[in-house]
Amino acid sequence: MKIGREFLVFAAVGVIGLVVDVVVLYLLAPLLGWYAARVVSFLAAATTTWAFNRRYTFAASAAAGRSIWREYLGYLATMTAGAVLNYGAYVLTLHWVEGRWAAALGVALGSLAGMSANFLSARYLVFRSHRNG
């Protein structure tokens with residue numbers, strides 16, 4: 001799959017992750033607060049995007065010669081740069097924007113902030129084998 005098409009599929013998978021992120025965040029925020037719930041919701045979204053990216057975006061190179069758990073943990077580890085950008089944008093949004101949908105906006109802005117770093121990490125570090133383009 002060419003890099004442009006991979007990026008589009010990665011972005012579509014990111015939208016699915018965004019929905020998971022927002023739903024889990026709003027379900028857990030009353031119990032954990034907006035900041036702790038965001039950590040859990042991010043992990044839920046990252047797990048979802050790993051599964052979809054593994055199946056659709058980077059299927060040709062998923063788990064080639066590696067255990068699936070090692071791949072999953074590697075995916076989470078390499079998402080750190082994107083996670084930092086993501087959480088930073090989320091926190092800044094909560095501080096600057098008021099209203100019922102501020103947290104959802106923060107998740108969306110955070111997802112955009114981390115997307116490029118996450119794509120490059122996934123493509124070149126986690127799902128790197130058998131790559132032609």
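Just so you know, these numbers use all the heavy atoms, side chains as well, and skip hydrogens, waters and symmetry mates.
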So, taking the atom named [atom1] in [X] and the one named [atom2] in [Y], what distance separates them when rounded to the nearest 0.5 Å?
X	Y	atom1	atom2	result
Leu8	Ile3	CG	CD1	11.0 Å
Leu109	Thr93	CG	OG1	4.5 Å
Ile68	Arg70	CD1	CZ	14.0 Å

Checklist entry - Is the ring centre of Phe127 less than 6.0 Å from the ring centre of Trp50? => result no

Closest heavy-atom pair and its distance - [X], [Y]:
X	Y	answer
Thr57	Glu6	CG2-O, 3.4 Å
Ala113	Leu85	O-CD1, 3.5 Å
Ser111	Leu18	OG-CD1, 3.8 Å

Are [Y] and [X] connected in a single hydrophobic cluster, I mean Ile/Leu/Val/Met/Phe/Trp/Tyr linked by side-chain heavy atoms less than 4.5 Å apart?
X	Y	value
Leu32	Tyr87	no
Leu73	Leu43	no
Val22	Leu28	no
Trp101	Val107	yes
Leu94	Val39	yes

Item to check | Connected-component partners of Leu27 among ILVMFWY, side-chain separation under 4.5 Å | outcome: Val19, Val23

Checklist entry - Would you say Ser121's side chain and Asn118's backbone share a donor-acceptor pair under 3.5 angstrom? => result no

Item to check | Sidechain-backbone polar pair: Asp21 side chain, Gly17 backbone, donor-acceptor under 3.5 Å | outcome: no

Checklist entry - Are Tyr75 and Thr49 linked by a side-chain donor-acceptor pair shorter than 3.5 Å? => result yes

Item to check | Candidate pair Leu76 and Tyr72, rule side-chain contact (heavy atoms from CB on, under 4.5 Å), full reasoning | outcome: CA-CA 6 Å; Leu76 291 179; Tyr72 171 69; 3.4 Å; yes

Next on the checklist: What verdict does the side-chain contact (heavy atoms from CB on, under 4.5 Å) test give for Phe58 and Val9, after you've listed the backbone C-alpha separation in whole Å, the side-chain angles of each residue and the deciding distance to 0.1 Å?
Outcome noted: CA-CA 9 Å; Phe58 305 111; Val9 175; over 6 Å; no

Next on the checklist: Could you go through Arg38 and Asn86, starting from their C-alpha distance and side-chain angles, then the distance that decides it, and tell me whether this counts as side-chain hydrogen bond (donor to acceptor under 3.5 Å, both in side chains)?
Outcome noted: CA-CA 10 Å; Arg38 182 65 176 101; Asn86 188 318; 2.3 Å; yes

Checklist entry - Between Leu25 and Tyr90, does a side-chain contact (heavy atoms from CB on, under 4.5 Å) hold up when you go through it step by step? => result CA-CA 12 Å; Leu25 175 64; Tyr90 171 76; 3.7 Å; yes

Next on the checklist: Suppose we screen for ring pair (Phe, Tyr, Trp, His ring centres under 6.0 Å). Which residues come up paired with Phe119, at least two apart in sequence or across chains?
Outcome noted: Phe7, Phe10

Checklist entry - What do the steps show when you test Phe52 against Thr48 for side-chain contact (heavy atoms from CB on, under 4.5 Å), and what is the final call? => result CA-CA 6 Å; Phe52 277 87; Thr48 301; 3.8 Å; yes

Next on the checklist: Using a 6.0 Å cut-off, check whether atom OH of Tyr26 has over 12 heavy atoms from anything other than its own residue.
Outcome noted: yes

